Amino acid sequence: MKVRARFAPAPSGSLHVGNVRTGLFSWAFARHHGGEFILRVEDTDASRVTEEAYRGVLESLAWLGIDWDEGPDVGGPFEPYRQSQRLDIYREHADRLLASGHAYRCYCTAEELDARRKAALAAGRPPGYDGRCRVLTEEERAAHEAQARPSALRFAMTEGEHVLSDLVKGEVRFPPGQLGDFVIVRSDGSPVFLLAVAVDDMLMGVTHVIRGDDLLASGPRNAAVIQALGGTPPVYAHVPQVLGPDRQPLSKRHGSTSVEAFREQGIVPEALMNYLSLLGWSKDAETTLVSREELIASFDLDRVSSNPAAFDTAKLEWMNNHYIQTLEDDDLASRCVRFLTEAGLLVDPVLLGRAMPLVKERMKTLAESVELLRFLFSDDVEPNEKAAGLIEKAPEGYLAAATERLETLDPWTAEAIQEALDGLAESAGLNRTKGWQPIRAAVTGSNVSPPLPQSLELLGRDRTVARLVGSAR
RNA sequence: GGUCCCAUCGUCUAGAGGCCUAGGACACUACCCUCUCAAGGUAGAGACACGGGUUCGAAUCCCGUUGGGACUACCA
C-alpha cells in the first residue's frame, strides 16, 4: 500500500517551529517510503484565519524545503484542500452519521453543560459529557424541537475501552468512560475539527497521521468516526511536543518560534531543517549533520523519540554557521543581500562576492553579515567606543605614517599590505596586535573586523587612505 | 480531581539485560593556532530522578514515589 501522509496546519498567525517539526517528520516519512505528501489547510475557524497567514504558511514550508504532491495551491485528486471549502462534505457526512445512529442531536446549552461539568468535578466524577441527550425519548426530542431549541450534533462514542496502536507511543489504552461523546457539528451548523479531520483523512486516503501528541486522545475519536462512516482508520503516530528552554511548551514568549522569524534572523533553511529533524529523531548514535537527501534516505518512525525535546537556539546557530560555511560564495552573497540592503547599505555585488571568504566562518546568522561588512558598503565609519580608544592609544603620528606608507603601496594586494603593516608596526616598536589594531579601528570603525590586509585590499587604496587621514591626529 | 504520555550530561540524543569504568553533538573550561573576532585542532569537566523488586547480572524488564506535560470544550 502506498504511503499517504499529510500535514494539516491551521493558518492562524505564522507557522510555529514545533508544529512544522511534526510536518517535517510527516513529509520525511512520506518521501522515505516513496509515498505522497498532502498539504491540507485547517481553516474552519474563519475568525482567526487570514489570507496572508495562509500564504505565509505555504511560503514557509516551501522555503524550508518541504514540498507537497497535493495541496490547495497545486490541487490533486481530492480537491479542495482547504477545509473552509469542504463544509458541504462535512455536513453530508454528519447527516450520514445522524441517519445511521452514530450521532445524535444534543439540546444541552453551554450553561447546562458547564454546570453539570462543575458538579461532576466536585463529586469526583469525570467531567466529560454525561450522555444526557443520547438517551432522549422520542417525546422529549419532539418537545425540544417544538420549542425550536438549538441543537448540536454529538458523536455517540463507542463504549468500552479504546486502544490506539500508536507508532510512536505504542499501545495506548483509554479506560471505558474516559472518552465521552463529543460534538461534531455546532449548533450553528459548523463542523468541529474532530469531524473534519476524520472525514478528510478518510476521503483523502491518508494512511499515516503524524502529528503532535497533544492530539493523542483524538486518535481513538478520529478512528471511531471513520469506522462509523465505514472507512478504515489510518495508522497514527503522535510525536511529542517541542518545549522551550524552561521545559514549558514552546510559545511566543520564548522569543522567535516561527519559521518566518528564524528566516528573518538569517537562519538558513538547510540548518533549520537539519536542526528540526534531530529534535526527537536520530539517524544513529553519531550523526549530527543530516542533509535533506540523507533525511529522506534514513528517516523512519522507529527512531522517533517518545519524550519531548527542548528547543536550543545555540545549537541551531552553530548548525547555521556550519551550513553557511559550506555555501558557495555567490550563493551566500545573494542570501546576504537582503539583510545588507535592509540595513541601509549600498551593496556592490562583485565586492560582496569577494568578501564572502572573509566572513563566512564568522557569521552565525546571515544578519550578522551587516556588522561584519558595514565598513565595505558604507563610508560612515565613525569609530565605536573601543575603536576610539585604540586610535587614542596609538603612538603619536602612527596613523599619519600608515597613511604615507599605504598611499604609495604597489601593488595593492593583501600580501603587500600585510608587509607594509608589519613594517609599520616594527618601526614603531609594536607587535602585530598592537600595531594593526589602531589601523583596523581607523579604517573599519570597529575593534573587530575580518582579517585586516584582505579587508583593506577589498576596500581599495583610496577609501583606506581617506579613512586613515580622517582619523589621524 | 480523573485518564493518558514522558523521565540518560545544562540541552539534543545513543543505549532495546552482560559490548556501559554510559557513546556522539551543542553549550562550558583549558591549551594550541592566531592581526581582532571567528573558524579549526587537542584535552577536560559533565547524566542513567528516587525507592523497591525480577535476574548470576538492569540505564535497559516490573511496581511504586516524585517531577514535568497533555487531554478532560459547541478550541484545534
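Just so you know, these numbers come straight off a predicted model, no measurement behind them. The analysis underlying the following values was restricted to heavy atoms, covering all of them including side chains, and did not include hydrogens, waters or symmetry mates. In what follows, every chain begins at residue 1, and chains take the letters A, B, ... in the order their sequences are listed.
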Classify the side-chain pair A/Gln437/A/Asn447 by whether it contains a donor and acceptor separated by less than 3.5 Å.
no
Short side-chain N/O contact from A/Arg117 to OP1 or OP2 of B/G2, under 4.0 Å
no
Scan side-chain atoms only and decide if A/Tyr107 and A/Glu145 contain a donor-acceptor pair under the 3.5 Å cut-off.
yes
Where along residues 271-278 of chain A does a heavy atom come under 4.0 Å from RNA chain B, residue by residue in number order?
A/Leu278
For atom CZ of A/Arg247 and atom C1' of B/C6, their distance in whole Å:
10 Å
Nearest-Å distance, NE2 (A/His162) to C1' (B/C4)?
14 Å
Quick one, A/Met363 and A/Gln325 - any side-chain contact, counting heavy atoms below 4.5 Å?
no
Which nucleotide, in any strand shown, forms a Watson-Crick or G-U wobble pair with B/A38, with both distances under 3.5 Å?
none
Give one of base, sugar-phosphate or nothing for A/Gly177, where a contact means two heavy atoms less than 4.0 Å apart.
nothing
Can you check whether A/Thr288 has a side-chain N or O nearer than 4.0 Å to OP1 or OP2 of B/G24?
no
Is there a residue in residues 442-461 of chain A whose heavy atoms reach under 4.0 Å of RNA chain B, and which residues are they?
A/Asn447, A/Val448, A/Ser449, A/Pro450, A/Pro451, A/Leu452, A/Pro453, A/Gln454
Looking just at side-chain N and O atoms, do A/Arg211 and A/His238 make a donor-acceptor pair shorter than 3.5 Å?
yes
Check every strand shown and say whether A/Ala152 touches a base, only sugar-phosphate, or nothing at a heavy-atom separation below 4.0 Å.
base
Going by ring pair (Phe, Tyr, Trp, His ring centres under 6.0 Å), name the residues that satisfy it together with A/Phe311, two or more places apart in sequence or in a different chain.
A/Phe262, A/Tyr275
So what does A/Gln325 touch, heavy atoms closer than 4.0 Å: a base, only the sugar-phosphate, or nothing?
sugar-phosphate
Spacing between A/Arg154 atom CZ and B/C74 atom P, to the nearest angstrom:
5 Å
Contact class for A/Ile439 vs. all strands (heavy atom < 4.0 Å): base, sugar-phosphate, or nothing?
nothing
Rounded to the nearest angstrom, tell me the gap between atom CG in A/Asp214 and atom C1' in B/A73.
15 Å
Within the 4.0 Å heavy-atom criterion, would you say A/Gln178 contacts the bases, only the backbone, or no part of the nucleic acid?
base
For A/Lys315 and B/C9, give me the distance from atom NZ to atom C1', rounded to whole Å.
12 Å
B/G69 OP1/OP2 closer than 4.0 Å to side-chain N/O of A/Gln248:
yes
Interatomic distance where CG belongs to A/Asp284 and P belongs to B/A16 [whole Å]
14 Å
Applying a 4.0 Å non-hydrogen cut-off, can you work out what A/Ala285 is touching in the nucleic acid: base, sugar-phosphate, or nothing?
base
Need the pair for B/U21. Rule: Watson-Crick or G-U wobble, both distances under 3.5 Å, any strand; none if unpaired.
none
Any Lys/Arg nitrogen of A/Glu140 or A/Arg134 sitting under 4.0 Å from an Asp/Glu carboxylate oxygen of the other?
no
Looking at every strand, decide which applies to A/Arg211 at a 4.0 Å heavy-atom threshold: base, sugar-phosphate, or nothing.
nothing
A/Phe25 and A/Phe299 aromatic ring geometry - parallel, tilted or perpendicular at 30°/60° bounds
tilted
Length of the CD-P vector between A/Gln83 and B/C75, whole Å
15 Å
Does A/Glu294 pair with A/Arg292 as a salt bridge, N-O distance under 4.0 Å?
no
Without decimals, in angstroms, what is the distance between A/Trp318 CH2 and B/C12 P?
16 Å
If the threshold is 4.0 Å, N to carboxylate O, is there a salt bridge linking A/Glu270 and A/Arg335?
yes
Answer with yes or no whether the side chains of A/His162 and A/Thr158 bring together a donor and an acceptor at under 3.5 Å.
yes
